[in-house]
Amino acid sequence: MRAFYHPDQSIHDPQQYMRYGRVVAPKDLPERTARLLGALARHGIAPERPASHGTGPVLEIHDAGFVRFLETAWARWQDLPAERGPEVWPNTFPYWSGRPEETVRAPCRPTGFIGQLGWYLGDMSVPIGEHCWRSTLLSAETAVTAADAVIAGERAVYSLCRPSGHHARADRASGFCYLNNTAIAAQRLRSKFSKVAILDVDAHHGDGTQQIFYRRDDVLTISVHADPSNYYPFYTGYEDERGNGPGEGFNLNLPLPHGAGGDEMAAAVDRAGEVIKAFGADVVIVALGYDAHRDDPIGVLKLDAADFGTIATKVKSFGLPTLVVQEGGYAIEAIGECLDAFLGGFKA
Ligand SMILES: [Zn+2]
């Protein structure tokens, strides 16, 4: 399996995260990339650097004002009074219903920086530091370059994306995610493949990915995740969200009860496989997170590392060209083993 990654994806080093009313250390540690690279090395895979694509492929998915905001936020933050914090962080959140059929918000009206912060940063887990944009754009370029390899005929490619992407909506960052790498890659794959299926097995609902494709019938979105009624992202990820308009029937959520383990995950992936087959997918993207692992510091599921091997074996049995896009997973001691197991399962 070929893999893609740029070393500067690890220079994004967020310092703040709000949890239970306290500012705590973020979970998306730069060290995550070292652990995942270690797993690749154990399989003899040397990741290649992504090609430079700029923001072109990003703007196929994301709102131009939002992208410009991400690109310039750090410089604009320097203009705030000296008592500003160490990173770009919002202090206002505009009312928005979160209803999934509302796929497009009105354009952001405030021209001022503080108002735009609240509009474009959906929660307090997406601080923007000095290197955030560079890592974020490289992460997207890694996904695009990996998609191009699949387009060129590779059967399976891994894109080591960091920061992750699946919580990023077309015009909003949230949940450690700034640009939606999975969605950007899916759009890229559409240049060759008529029907793209996305299977998201991160423990959190892939709400950004769902929103982006909610009204489309050419990209099937399936997410297996912990029941969101008491778990991030809370407001979406329920079974009755099935798509809207032309996208009706092309979104499937398979929430798992908290405490579920490998058997429940395996059954959900089997169900996803049936739906992907019925859809007639030409290619599949696996949005792969490891926060379903039992040791994850923000997890509620009980998978073991070996269970990610089972997921891979099932995905391989779909018999489709496969692009794996890295999403979350925060148990530093476990994520290397999880990727290791996934690669082993895919090879077997
Ligand atoms: Zn997650």
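If you're wondering where the values come from, they're calculated on a predicted model, not measured in any experiment. Indexing begins at 1, ligand by ligand and atom by atom, following the structure's order.
Proximity of a side-chain donor or acceptor of His62 to a complementary backbone N or O of Arg172 within less than 3.5 Å is not detected.
Checking His204 against the Zn ion (ligand 1), an N/O/S atom falls under the 2.8 Å cut-off. The Zn ion (ligand 1) lies at 2.8 Å or more from every N, O or S atom belonging to Glu327.
The Zn ion (ligand 1) is closest to atom OD2 of Asp291 (considering only N, O or S atoms). Distances from the Zn ion (ligand 1) to the N/O/S atoms of Asp202 are shortest for OD1.
The shortest non-hydrogen separation linking Asp200 to Gly206 is OD2-CA, 3.5 Å.
Centroid-to-centroid, the aromatic rings of Phe342 and Tyr290 stay 6.0 Å apart or farther.
Checked for salt-bridge contact, Glu48 and Arg2 meet the test: a charged N lies under 4.0 Å from a carboxylate O.
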